[in-house]
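In what follows, a single structure is set out as structure tokens and then discussed.
Order of the sequence lines fixes the chain letters, A, B, ..., with proteins taken first and strands second; residue numbering starts at 1 for each chain. What you see is a predicted model, and the numbers here were worked out from it, not measured in a lab.
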Amino acid sequence: MSPEHILETIDLTFEYPNKAVALKEVSLRIPRGKKTVILGSNGSGKSTLFLHFNGVLRPKSGEVLYEGKRIEYGAKALASLRESISVVLQNPDDQIFSTTVEEDVAFGPMNLRLPMDEVERRVDESLFLVDLQEVRERPTQQLSFGQRKRVALAGALAMKPKVLMMDEPTAGLDSRMVHELLELADELNQKGLTVIMSTHDVETAYEWADEIRVMHRGRMEFSGLPEDFFMDDQKVQSLSLVAPMLFDVNRRLNEVRGDPLAPYPRTMEEAIHKLFPSPQAKVGTVKLVKVAVQPFRHPELPASTNGHDCKEAVGVYGTMARKWAHDNGMKVDYVFNALEHCAREVSMGRDIVMLVDDALVGLVQQKLRKMGQDFGFHVPVTVQ
Amino acid sequence: MRRWPPLGKLLLVLSLLIVSLVSTSLLIPIAVFVIGMVLLIRSTRLRFPQVISLALLEGMIIFLIGALIIALITKGGAVLFSFHILGLELSITEEGLQRGLQVFLRALAGAAVMLFFATSTPIPHFASALRQLRVPSYITELVILVYRYSFLLFEQLEVLYTAAQCRVGFRGAKNKLRTTAQLAVGLFIRSLEVAERSQIALYCRNFKGDFPTFRPPAKMTAAWALIPVFAFAALYSLNYWITTFSYFGW
């Protein structure tokens, strides 16, 4: 296996004790450091595949490879594997065992027999990332569903994995939480984590994934870029899926008006600028304000910004930026999905201030640059 | 009180329960009840969770009924009161009254001290106390899992109950009985599914057969070992003094 693939299966077949075949000769590769979506309708075998990656299920035949090596099923090897590959299950109640939030987040690291100060550090860090520090001593049964989802995610992050697998992570969440979760996944990915998500939600998969793997009735049907898969309408239909709305609109305009297919817009703003280009006389600017912080302390906003009295619209991107704005009572116009809103504000000729985690400034710049390169909408950006 | 060593609290509760059971005077269960209530009030700061208030209320009713039955079926001594129901003559004798009162007060005292323990001891601390008592680890882990999953199953039961209500499942006595049976079966099957999924989740998180305690409770001290002994000795001596020298003979 080439080193750029962190996980791989070769002809993986699995059947449950009732003889139901859940996976049939599945061969796939998961690229290191990328965001991969395992897409498939209900019962396609996504969750079963996940449980093979961390050795909970053993294949009937075939192989699972991690970092190019066949995974071992001895107790020590499995403990090491599960330290590297964390799974967030679909239903948080399946995953939460402990009576308080912090006890549950500490459960995994303590099973690794780590020193107490390291466990404390990991618990603090994970709870900070999912913004649950204030409820850390609360009994888990008193939390809302969304909060329990976050506890489950914090529990997985506390293992400090190299690969984070999330099984239907957006199921049952409201729009804000979905955006915050995807943003957090971006953040983790930016820090080098390989993130794998299973879902049947084609819109999320199309917008978020670098690459997709499509499963149907236990078989691997497609590996590659989302656009390449959704282009084959017949195949998409036969796998009980539908093309994402933005993809469909772009394709229909190609069919009806002869517009070029590429570049493929993945977000609403990209679509707007591709499909309805308007030479706006005045374009606003984006002022990116780095929230450079010591880990887990409140970030300091640089003195060069207007701070609390910002006249421009304000958006936040990243866990620390969001927390800083919240803790300092800053009026924020766009708490989630801020990049989309930022592009909209700028296209309307208005300036916007974006508080961005230091580690994510590059990602934001890259996304805004892509708007200019691919869709002809050049966003002036200044970084402070 | 959460900072008190859980093993110390457990031993104190056990000593109070035992002295309440072995004492012959009615004043001892009353004293234990008072101690339990004082501790309970201190641990909850008079903010009784609804479930505790309900438990106390239900307990009182059940204890009263139980005590009344015991009073009615225990014979001995002078008849204090008698009446006829459905052709049966029922009477309460001196000994019956004494036994009924004793059972009622003991139960009440037991409930008070147990509730104090429950409200002041998080389950991980209780598990820690069990471990210190060398209770086998599988029992301790079962206690933790049962506690955790009882809430989940209760939530499931509520969902099933609402679903049944939405489809008029409780209309008429026969229907009510059938629906209740179906709920019980449904809940049982769901509990098996939850168990299966939880086992997978435990493996995913490197479970090695025991639930580690993240925030260990206060350690047992010599003073805490003496408090239960002292409490037992004091109350037992009081019982001896009352039954031997007191004019009341309570």
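Nearest heavy atoms, Ile96(A) versus Tyr149(B): O-OH, 4.2 Å. Shown here for Glu103(A) and Pro212(B), the closest heavy-atom pair between the two residues is OE1-O, 4.0 Å. Scanning all heavy atoms of the two residues, the minimum distance from Arg197(B) to Leu89(A) falls at O-CD1, 4.5 Å. Asp94(A) approaches Ala201(B) most closely through the heavy-atom pair O-CB, 3.1 Å. A pairwise comparison of heavy atoms in Asn206(B) and Glu83(A) identifies ND2-N, 4.1 Å as the closest pair. Across Arg148(B) and Ser98(A), no two heavy atoms sit closer than the pair CD-O, 4.1 Å.
Leu51(A) contributes atom CG, which lies 12.5 Å from atom OH of Tyr203(B) (distance to the nearest 0.5 angstrom). The line from CE of Met159(A) to SG of Cys204(B) is 9.0 Å long, rounded to the nearest 0.5 Å. Interatomic distance, Arg215(B) CZ to Met116(A) CE, rounded to the nearest 0.5 Å: 6.5 Å. Rounding to the nearest 0.5 Å places CZ of Phe151(B) at 9.5 Å from OG1 of Thr99(A). Phe207(B) CZ to Arg82(A) CZ: the interatomic distance, rounded to the nearest 0.5 Å, is 12.5 Å. For the atom pair CZ (Phe107(A)) and CZ (Phe214(B)), the distance works out to 14.0 Å, reported to the nearest 0.5 Å.
No part of Thr100(A) comes within reach of chain B, as not one of its non-hydrogen atoms sits under 4.5 angstrom from that chain. Heavy atoms of Asn91(A) lying under 4.5 Å from chain B belong exclusively to its side chain. There is no contact between Leu57(A) and chain B, counting heavy-atom distances below 4.5 Å. Both the backbone and the side chain of Ile200(B) have a heavy atom closer than 4.5 Å to some heavy atom of chain A. Glu155(B) touches chain A through its side chain: at least one heavy atom from C-beta onward sits under 4.5 Å away, while N, CA, C and O do not.
Heavy atoms from other residues, nucleotides or ligands lying under 6.0 Å from NZ of Lys191(A) number more than 12. More than 12 heavy atoms of other residues, nucleotides or ligands sit less than 6.0 Å from atom CD of Gln142(A). Atom CD of Glu118(A) sits in a crowded spot, with more than 12 heavy atoms from other residues, nucleotides or ligands closer than 6.0 Å. In the displayed structure, Tyr236(B) atom OH is contacted under 6.0 Å by at most 12 heavy atoms of other residues, nucleotides or ligands. Taking a 6.0 Å sphere around CZ of Phe188(B), one finds it holds 12 or fewer heavy atoms contributed by other residues, nucleotides or ligands. At most 12 non-hydrogen atoms from other residues, nucleotides or ligands lie less than 6.0 angstrom from CD of Glu196(B). Heavy atoms of other residues, nucleotides or ligands lying less than 6.0 angstrom from CD of Glu134(A) number 12 at most. Heavy-atom contacts from other residues, nucleotides or ligands closer than 6.0 Å to CZ of Phe145(A) number more than 12.
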Could you walk me through whether Phe97(A) and Arg205(B) pass the side-chain contact (heavy atoms from CB on, under 4.5 Å) check?
CA-CA 11 Å; Phe97(A) 310 104; Arg205(B) 299 178 71 187; 3.9 Å; yes

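Each of Asp104(A), Val123(A), Leu81(A) has some count of heavy-atom pairs under 4.5 Å with chain B, and the biggest count is that of Asp104(A).
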